[in-house]
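Here the structure is laid out as structure tokens; the discussion comes afterwards.
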Amino acid sequence: QVTSFQGVAVRSLSTSSPHDHPEHGRLVYKGNLAKAVLGVKFFSYSTSIFNLFMMPYIMLKTGIGVESLLVQAAFYGLIGIFTFVTPVTLHLLTKGYVIRLYYKDEVDTYTAITYNAILAEKATVFHQKDVKIPDITKMFTTFYAKTKSMLVNPTLFPNPQDYNHLMGYDKSSFFKFEDLEE
């Protein structure tokens, strides 16, 4: 790797690309919504925690719904929906969003980095043969890695051959030259 520095050639001593990871392999995909997904989930979790801590204080100070049991149940139910259902729904919708995807040529394995429920990065390792394309296009699924649904944007792969290999399009069984000769 040679770069120019004010007209002088400078040779880099590094033999690997800056996108290589020693454990996972070569970076083939980087999701552009990773920070947005993390931000939305963090905001949802933080507002839920805020609601949990503030609800007893608000109930004691305002005395809302003390008269009727039905009003109390409706109020707590509505707060419960926003406190618990929204973060769970967001997690279910975004748990398969691939932040980064690495590929190891030697063993033909991919490592997909996603966010788990506690907003930490989770690595899922799978072989290309484990990739299944859904028969019906699903909104938040591009492919299944073993049984886990994954979501990637095909246009964000810098090298289209990497996407074709991931999806198995490079060894398509739909059209074989041998079948033509018969």
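Residues: numbered from 1 along the sequence shown.
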- prompt: Tell me, do Gln161 and Asp170 make a side-chain contact under 4.5 Å, heavy atoms counted?
  reply: no
message: Within the structure provided, determine whether Val28 and Asn159 are in side-chain contact (heavy-atom separation under 4.5 Å).
response: no
field: Single-linkage hydrophobic cluster Ile79~Met54, side-chain heavy atoms < 4.5 angstrom
entry: yes
message: Atom NZ of residue position Lys95 - does it have more than 12 heavy atoms of other residues, nucleotides or ligands inside 6.0 Å?
response: no
- line: Test side chain to side chain contact (heavy atoms under 4.5 Å, CB included), reference Lys122, set Ile113, Ile99, Thr114, output is Thr114
message: Hydrophobic clusters here meaning ILVMFWY residues chained together by side-chain heavy-atom distances under 4.5 Å, can you tell me if Phe42 and Tyr97 are in one?
response: yes
task: Look at atom CG of Leu78 and say whether more than 12 heavy atoms of other residues, nucleotides or ligands are closer to it than 6.0 Å.
output: yes
message: Are Val152 and Tyr169 connected into the same hydrophobic cluster when the rule is that any two of I, L, V, M, F, W, Y join if their side-chain heavy atoms are below 4.5 Å apart?
response: yes
query: Do Val37 and Leu119 share a hydrophobic cluster, counting only Ile, Leu, Val, Met, Phe, Trp and Tyr and linking them when any side-chain heavy atoms are less than 4.5 Å apart?
result: yes
message: For the OH atom of Tyr110 and the OH atom of Tyr102, what is their distance to the nearest 0.5 Å?
response: 15.0 Å
- prompt: Quick one: does Tyr45's side chain have a donor or acceptor within less than 3.5 Å of a partner on Ala117's backbone?
  reply: yes
Interatomic spacing from CG in Leu101 to CG in Leu166 - rounded to 0.5 Å: 6.0 Å
statement: OG1 (Thr141) and CD1 (Ile133) are apart, to the nearest 0.5 Å, by 12.5 Å
- prompt: Are Lys129 and Asp108 close enough for a salt bridge, meaning some N to O gap below 4.0 Å?
  reply: no
query: Leu92, Phe43: one ILVMFWY side-chain cluster at the under-4.5 Å cut-off?
result: no
Stepwise side chain to side chain contact (heavy atoms under 4.5 Å, CB included) test for Met167 and Thr142: CA-CA 9 Å; Met167 301 301 278; Thr142 307; 4.1 Å; yes
message: Would you compute the distance between atom OG1 of Thr89 and atom CZ of Phe84 and round it to the nearest 0.5 angstrom?
response: 13.0 Å
task: Working to the nearest 0.5 Å, report the span between NZ of Lys148 and CG of Asp130.
output: 13.5 Å
- prompt: Under the 3.5 angstrom rule, does the side chain of Lys104 hit a backbone N or O of Glu23 as a donor-acceptor pair?
  reply: yes
message: Tell me if the centroids of the rings in His24 and Tyr103 come within less than 6.0 Å of each other.
response: no
Stepwise side chain to side chain contact (heavy atoms under 4.5 Å, CB included) test for Thr94 and Lys41: CA-CA 9 Å; Thr94 61; Lys41 287 176 84 169; 3.4 Å; yes
- line: Those residues at least two apart in sequence (or on a different chain) that pass ring pair (Phe, Tyr, Trp, His ring centres under 6.0 Å) with Phe157 are Tyr29, Tyr163
task: Check the pair Tyr144 / Phe126 against side chain to side chain contact (heavy atoms under 4.5 Å, CB included), numbers first and verdict last.
output: CA-CA 10 Å; Tyr144 290 100; Phe126 58 95; over 6 Å; no
message: With rounding to the nearest 0.5 angstrom, report the CG to CG distance, Leu156 to Asn32.
response: 4.5 Å
field: Donor-acceptor pair, side chain of Ser48 and main chain of Thr83, under 3.5 angstrom
entry: yes
- prompt: Would you say the side-chain atoms of Gln128 pair up with the backbone N or O of Thr109, donor to acceptor, closer than 3.5 Å?
  reply: no
query: Does NZ belonging to Lys30 count more than 12 external heavy atoms closer than 6.0 Å?
result: no
field: side chain to side chain contact (heavy atoms under 4.5 Å, CB included) between Leu33 and Asn153, intermediate numbers included
entry: CA-CA 10 Å; Leu33 295 177; Asn153 184 348; over 6 Å; no
